[in-house]
Amino acid sequence: MASAPVMGRLVARSIARNFPLNVHFDVTYRCNERCVHCYLDHSDHGEMTTGEIKRVLAELAEAGTLFLTFSGGEIFLRHDFFELLAHARKLRFDVTLKTNALLITEERAALLKQLGVRRIQISLYSADAAIHDAITKVPGSFERTLEALRFCQVQGLLVKISCPLMKQNIGAWREVRALADALGVTYIMDPTITPMMDGSRDTLAMRLAPSELLPVLKDPIFNPPAAAPVKTEGADMAVAYDNIPCSAGHNSLYISPYGDVYPCVQMPLATGNLREKSFTEIWYGSAKMQRVRDIKESELAICRSCAIRNHCQRCPGLAFMEDGGLTGPSARACELAEAAARIAGVANPVSGLRARGRLRTTSNSNPAQLVHIAALGVS
Amino acid sequence: MSAPQPVVESVRPAQNPLAAWREMEGVVVVISPEDSVLHELNPTAGFIWKHATGERSMEQIAQLLALEFDVDFRTALADTHELVKDLVQKNLLHIRSGSPAEVSRG
């Protein structure tokens, strides 16, 4: 199958030319769940209208966007969502949906298939209904989500379970994986918990410490060899990402329900508003967007000389959001890099921030403690 | 999926409406809706794909192809025939039959 090298070439070309290949579009922040870790303000402060979103979609199609993700909030709370979806498919986007699936009925699942939706990512926090419902704060949500997931499967949609990991559900990660396997769907487990949009850091109380994540990080499934992307996507992909932190602003972007354009959903750097300017003006003309594009890995102040850089998955957005700089280190990434390096066999790994005495947390370098922590993940 | 229909010059190829696609710097990429395979079409194939609107016959597309790439009509028709057959088998193109009166012999 030639798909992987083709994807590599496509991504390389889009990054080299700054084509907006991937767009994450939140069409609403309203939601019918109240997840404890959610960073959004669920009030409607003036969502774009149906007509405004259709106009933006046409501009994105014209600019070369192929991969379009509709997300939220809960997308199906928009009364015009199927109209927007039909318009997006008419414009021949490859559409992925992110949803809690509570509002997906058998009929709606069939309509999604009929409209040409290819992938649907459904949030599921545990294989234990009580844990899931405690996180969403909606009694019965586990059963409803699972039922909707099956409706989508019956239609032949590619279903992926998305399971953010936090203190409330860390013990259930093996069961979620087993559930996904039993259902025959793929899954993603992500320990990224971010501050709230208003800057509040209350949600970070739910974030797992690196020591708590060790059982997960030790699983080869979640800790693939560093060379894996090169093998699967081809050399073009590796070259494309050489010396840039990530795809944000290069071939990927985020659009809020209010028309604000950001380099990434995790990078709160508004570069323009689609009610005031065209997409092309913002994407190619914003000085802030260009600033993000100009960042090179080799220029990152502390990271470039970090001894465990190969184990680091620094997110520029999180570094900006939590540590105040687009080019500076991320304390969270430093902590996780130390954990990953330790798993890889590096004795006493020291991240760039710790080397400068600026990492406040402990290094968890006591081997006995690590063995104990690892055992916590075994059910 | 129904069995592929025979491909003859008078039929009008049409893109599968469930396929997603874009053109980037002259390269057309198409995602197969059934198996999620990403296909990259060469310039000739991309030209034929973009003109497979369900309104033009294979002969009409071949005529446009001959003009665009400065090749003789027979070669263009053979290329069109081969590509359409391939993409029909991959379910990226569907074919619509047209009455003889609807098909230009230009």
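We name chains A, B, ... by the order of the sequence lines, and we start the count at 1 in each one.
The side-chain tip of Arg293(A) points at the ring of Trp283(A) from less than 6.0 angstrom away and within 45° of straight on.
Residues of residues 39-54 of chain B lying under 4.5 angstrom from chain A, judged on non-hydrogen atoms, are His39(B), Glu40(B) by number.
Using cut-offs of 30° and 60° on the angle between ring planes, the pair Phe70(A) and Phe81(A) is perpendicular.
The most heavy-atom pairs under 4.5 Å with chain A, out of Glu23(B), Glu25(B), Gln15(B), come from Glu25(B). With respect to chain A, the highest number of heavy-atom pairs below 4.5 Å among Pro33(B), Ser36(B), Ser32(B) belongs to Ser36(B). Comparing Val117(A), Asp94(A), Leu115(A), Leu21(A) by heavy-atom pairs within less than 4.5 Å of chain B, the highest count is held by Asp94(A).
Between the side chains of Asn22(A) and His24(A), no donor-acceptor pair is found at a separation under 3.5 Å. With no hydrogens or angles considered, no side-chain donor-acceptor pair links Glu74(A) and Thr28(A) at under 3.5 Å.
Side chain of Thr80(B) to main chain of Ala76(B): a donor-acceptor pair is present (N/O by atom type, distance under 3.5 Å, no hydrogens or angles). A donor-acceptor pair is defined here as one N or O able to donate and one able to accept, closer than 3.5 Å; such a pair exists between the side chain of Arg78(A) and the backbone of Val27(A).
The contact between Phe93(A) and chain B is made by backbone and side chain atoms together, counting heavy-atom distances below 4.5 Å. Both the backbone and the side chain of Ser14(A) come within less than 4.5 Å of a heavy atom in chain B.
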Inset, instruction - Show your reasoning for whether side chain to side chain contact (heavy atoms under 4.5 Å, CB included) applies to Leu68(A) and Leu57(A). - result: CA-CA 9 Å; Leu68(A) 176 67; Leu57(A) 292 176; 3.8 Å; yes
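Just one of Val95(A), Thr96(A), Leu157(A), Thr186(A) meets the side-chain contact (heavy atoms from CB on, under 4.5 Å) condition when paired with Arg119(A); it is Thr96(A).
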